[in-house]
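The structure appears below as structure tokens.
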2 protein chains.
Amino acid sequence: MKPTIYDVAERAGVSISTVSKVLNGRGKIGEATKARIFKVMKELQYQPNNAAMALTGKSTYVLGIVIPDLNNPFFAAISKSVESNARQVHYSSIICSTDYNPQREEEYLGLLKRQMVDGIIIASGFQEDTHLVKMVIEEEIPVVLIARDIPDILVDTVSIDDFIGGLIATKHLLELGHQRIGVITEPLKCGWERVRGYQSALHEWSIPVDESLIVSSESSIEAGREAANKLFSRVDPPTALFATNDLLAISAIQVIRDKGLHVPEDVSVVGFDNTILAHLVNPALTTVSQPMTDMGAQAVNLLLEQIRNKEHTRKRVILIPELVVRGSTGPPHKVPQ
Amino acid sequence: MKPTIYDVAERAGVSISTVSKVLNGRGKIGEATKARIFKVMKELQYQPNNAAMALTGKSTYVLGIVIPDLNNPFFAAISKSVESNARQVHYSSIICSTDYNPQREEEYLGLLKRQMVDGIIIASGFQEDTHLVKMVIEEEIPVVLIARDIPDILVDTVSIDDFIGGLIATKHLLELGHQRIGVITEPLKCGWERVRGYQSALHEWSIPVDESLIVSSESSIEAGREAANKLFSRVDPPTALFATNDLLAISAIQVIRDKGLHVPEDVSVVGFDNTILAHLVNPALTTVSQPMTDMGAQAVNLLLEQIRNKEHTRKRVILIPELVVRGSTGPPHKVPQ
DNA sequence: CTGAAAGCGCTAACAA
DNA sequence: TTGTTAGCGCTTTCAG
């Protein structure tokens, strides 16, 4: 049997409450006893029982992280960062992949509540599930949102400026001389923000927005290919593409290639996220970089702050994305007349 | 305050033990009372408290999964599969990335014990840490190993036949006409098994093994590039490369390209794992496929079996890998004289 | 500075 | 079929 606080107390010749105090660094305990208790804890390899601690109303030292898909390197990177930052302050993380399914999100949130996690980091962003997030917040469970935002709720968020991201991606293309720029976006808030940035850039260059060049697609390889197909099967395909994440961008590149076109000679492509994928493909992908490691770290910080001091003021941390120019973009093949 | 079993009992006009029995489907309870209790549980949105359940000596319904790196799509896929299969039977998963660091593995195992997980799936494979795994097993915590094996311990494992994997990858290259085939492998047990397969294939074709063509590299892009550099800076570079995972294969492809060579015209490359990366790169990577989804599912099954019936006989599930031929391999450019 | 005792929410004998 | 009761391991007043 694993040693309990009783075993430690007995062996050290003190009461369990003394041990408890030493354990939590609370109350005033004589240096001598303290040392003795620590010694016994080592000897017995004592590990406090988390379940008991949790039951007594304290923390579980577990936090939940809800993402859409672990197979998307962007979310894998976020998760890894969160997990690693959390571990450094002795928190474990339960990672949940919702597969972009609001119902699963609901299930997971329930699971995490049962598990009595001390806080939840939500990085899955649906339009239709804001009520879920609200419910969690109303139950006073600390929450931090990553890469999304719910305007009408007071909640900590860490995100990047998606609008700016879309803007700089599009400007890059415009500066290269492209006029007809297609867009493939995920049907998420942040995706549409990026599209707004795209539109704004076009405005600035006095180029009318052609809505038919904007298509929405789920974030999977298959869906991305389909969307790209739609765009590049037109009689007047765009000369450049802005995809709101790397996965979509790369799926599109495949389709473009299948059609016998070259990247970037015939079509320039810029992605978003700067995941591991971006510099693994050939040509390497020009993309808008999100500081995923930072974002994870920031999220953990905000969450801990909430956990430790219930009534802290809500914050929005907004990081600025950067354009990383690589091989997938270049001037258009032939300038449209 | 969240409703407890007492609230439910009171509102339903029964005792808490009756509620408990209904909750766990134990004992004989009248249909009427049962229905009433269920109804009250809905009304109150009652969620049993996991910590209390855990404390009472039952399961925590949490399991741990230890992997080297979530940024490697292979492990992300494994984790996702485990997590999703676990969830279906109401288990949460704590995912831990050790970053290939045995010390962190030790920390994590400690964390998971404290957390009183019901079982642990270990997919990080070091040579030097078998004692850690042994310790866990001795503490009677259910364990399943994925993609590794510790011959001198009785433990459930699910893995693929790495030897066969290396064999078929190499044979493919040999059949295409390659004679000088380089290898980049991770310094792990499974990596060396794959190399054994490679050697065996060469033997079969009566080609002597040139040890200098076999280099070992950590599984990261940077390390992979370095290893590839070593191989392709030789005066007599190989005409084909077998990398023991996709990440290494793709890093190598980049290096090959940097040197002005073409894949597969000048150098053929075959990878291992068949991760999402393999069909995202261009040319798509010929690779040995590991059924990651299956592996995760099998691992969860084995673990549950152990959890539910302590004294079950240990099993080794060995899956057979398959070669997926794509664009990165072809006949050698010029046949060596 | 240290200890006794009352729970936290739930399960599991044992009674009724 | 249902209820009573004694813990699980720990924290936390409240007394000494």
Side-chain angles (χ1 to χ4, degrees), chain A residues 1-38 40-41 44-62 90 110 113-118 139-140 307-308, chain B residues 1-38 40-41 44-62 90 113-118 139 307-308:
Chain A
M1 214 43 214
K2 278 184 58 173
T4 74
I5 200 172
Y6 285 94
D7 302 318
V8 177
E10 188 179 6
R11 200 120 116 98
V14 296
S15 81
I16 59 162
S17 63
T18 307
V19 177
S20 172
K21 278 168 196 145
V22 169
L23 210 52
N24 300 287
R26 262 189 266 286
K28 301 254 142 275
I29 303 293
E31 279 309 322
T33 17
K34 202 182 287 186
R36 188 150 33 90
I37 290 175
F38 274 128
V40 173
M41 296 203 301
L44 263 41
Q45 298 211 57
Y46 170 70
Q47 297 263 91
N49 179 321
N50 253 271
M53 291 174 73
L55 188 54
T56 327
K58 310 303 327 166
S59 15
T60 52
Y61 291 101
V62 176
H90 307 291
K113 280 181 213 161
R114 270 182 75 132
Q115 218 65 250
M116 309 246 298
V117 294
D118 288 350
E139 299 188 42
E140 311 221 304
I307 292 173
R308 288 177 182 154
Chain B
M1 214 46 214
K2 278 184 59 174
T4 73
I5 200 172
Y6 285 95
D7 302 318
V8 177
E10 188 180 5
R11 200 123 118 100
V14 296
S15 81
I16 58 162
S17 65
T18 307
V19 178
S20 172
K21 278 169 196 146
V22 169
L23 210 52
N24 300 287
R26 262 188 267 285
K28 302 252 142 275
I29 303 292
E31 280 310 323
T33 20
K34 203 183 287 186
R36 187 149 34 90
I37 290 173
F38 275 128
V40 173
M41 296 202 299
L44 264 41
Q45 298 211 55
Y46 169 71
Q47 297 264 92
N49 178 321
N50 253 271
M53 293 174 74
L55 189 54
T56 327
K58 310 304 325 168
S59 11
T60 52
Y61 291 102
V62 176
H90 306 290
K113 279 181 215 162
R114 267 183 78 132
Q115 218 66 249
M116 309 245 299
V117 294
D118 288 351
E139 298 187 43
I307 292 172
R308 286 176 183 157

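Being a predicted model, the structure only gives us computed values, none of them experimental.
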Which nucleotide in D/dC10, D/dT4, C/dT11 has an atom nearest any side-chain atom of B/Asn24:
C/dT11

Can you check the A/Lys34 NZ to C/dT2 P distance for me, whole Å?
10 Å

Atom pair CG (B/Asp118) and CD1 (B/Ile307), whose distance is rounded to the nearest 0.5 Å
5.0 Å

For the side chain of A/Ser20, counting heavy atoms from C-beta on, which of D/dT12, C/dG7, C/dA4 is nearest?
D/dT12

Nearest whole angstrom, please: distance from the C1' of C/dG9 to the OH of B/Tyr6.
7 Å

If the cut-off is 4.0 Å, is B/Ser15 near the phosphate of D/dG3, judged by side-chain N/O to OP1 or OP2?
yes

Where is the tightest heavy-atom contact between A/Thr60 and A/Gln115, given as atom of each residue plus distance?
CG2-O, 4.0 Å

Here the distance between atom C1' of C/dC14 and atom NZ of B/Lys28, to the nearest Å, is 18 Å

Rounded distance in Å - CG (B/Asn50) to P (C/dT11):
10 Å

Nearest-angstrom distance from the residue atom CG of B/Leu55 to C1' of C/dG7:
12 Å

Using a 4.0 Å heavy-atom cut-off across all strands, classify B/Val19 as base, sugar-phosphate, or nothing.
nothing

Choosing from C/dT2, D/dT11, C/dT11, which nucleotide comes nearest the side chain of A/Thr33?
C/dT2

Once you apply a heavy-atom cut-off of 4.0 Å, does A/Ser17 come out as touching a base, just sugar-phosphate, or nothing?
base

Do the side chains of A/Pro48 and B/Arg114 get nearer than 4.5 Å, heavy atoms only?
yes

For A/Gln115 and C/dG9, what is the distance between atoms CD and P respectively, to the nearest whole Å?
17 Å

Select one nucleotide: of C/dA4, C/dT11, D/dG9, the one nearest the side-chain heavy atoms of A/Asn49.
D/dG9

Counting only heavy atoms not in A/Tyr46, do more than 12 sit closer than 6.0 Å to its OH atom?
yes

Using atom CD of A/Glu31 as one end and atom P of C/dC1 as the other, report the distance to the nearest whole Å.
9 Å

So does B/Lys21 reach the base of D/dG3 with its side chain, donor to acceptor, closer than 3.5 Å?
yes

Axis-to-axis angle across the helix from C/dC1-D/dG16 to C/dA16-D/dT1, five pairs each end, nearest 10 degrees, ~ 40°

Any non-hydrogen side-chain atom of A/Arg36 less than 4.5 Å from a side-chain atom of A/Met41?
no

Gap between atoms CD1 and C1', on A/Ile16 and C/dT2 respectively (whole Å)
12 Å

Considering residues, nucleotides and ligands other than B/Glu10, do more than 12 of their heavy atoms fall under 6.0 Å from its CD?
no

Using the side-chain heavy atoms of A/Val14, tell me which of these nucleotides is nearest: C/dT11, C/dG3, D/dG9.
C/dG3

Any N/O donor-acceptor pair, B/Thr18 side-chain to D/dG3 base, under 3.5 Å
no

Can you find a pair of side-chain heavy atoms, one from A/Arg11 and one from A/Leu44, that are under 4.5 Å apart?
yes

Supply the atom-to-atom distance A/Thr18 OG1 to A/Leu23 CG, rounded to the nearest 0.5 angstrom.
12.0 Å

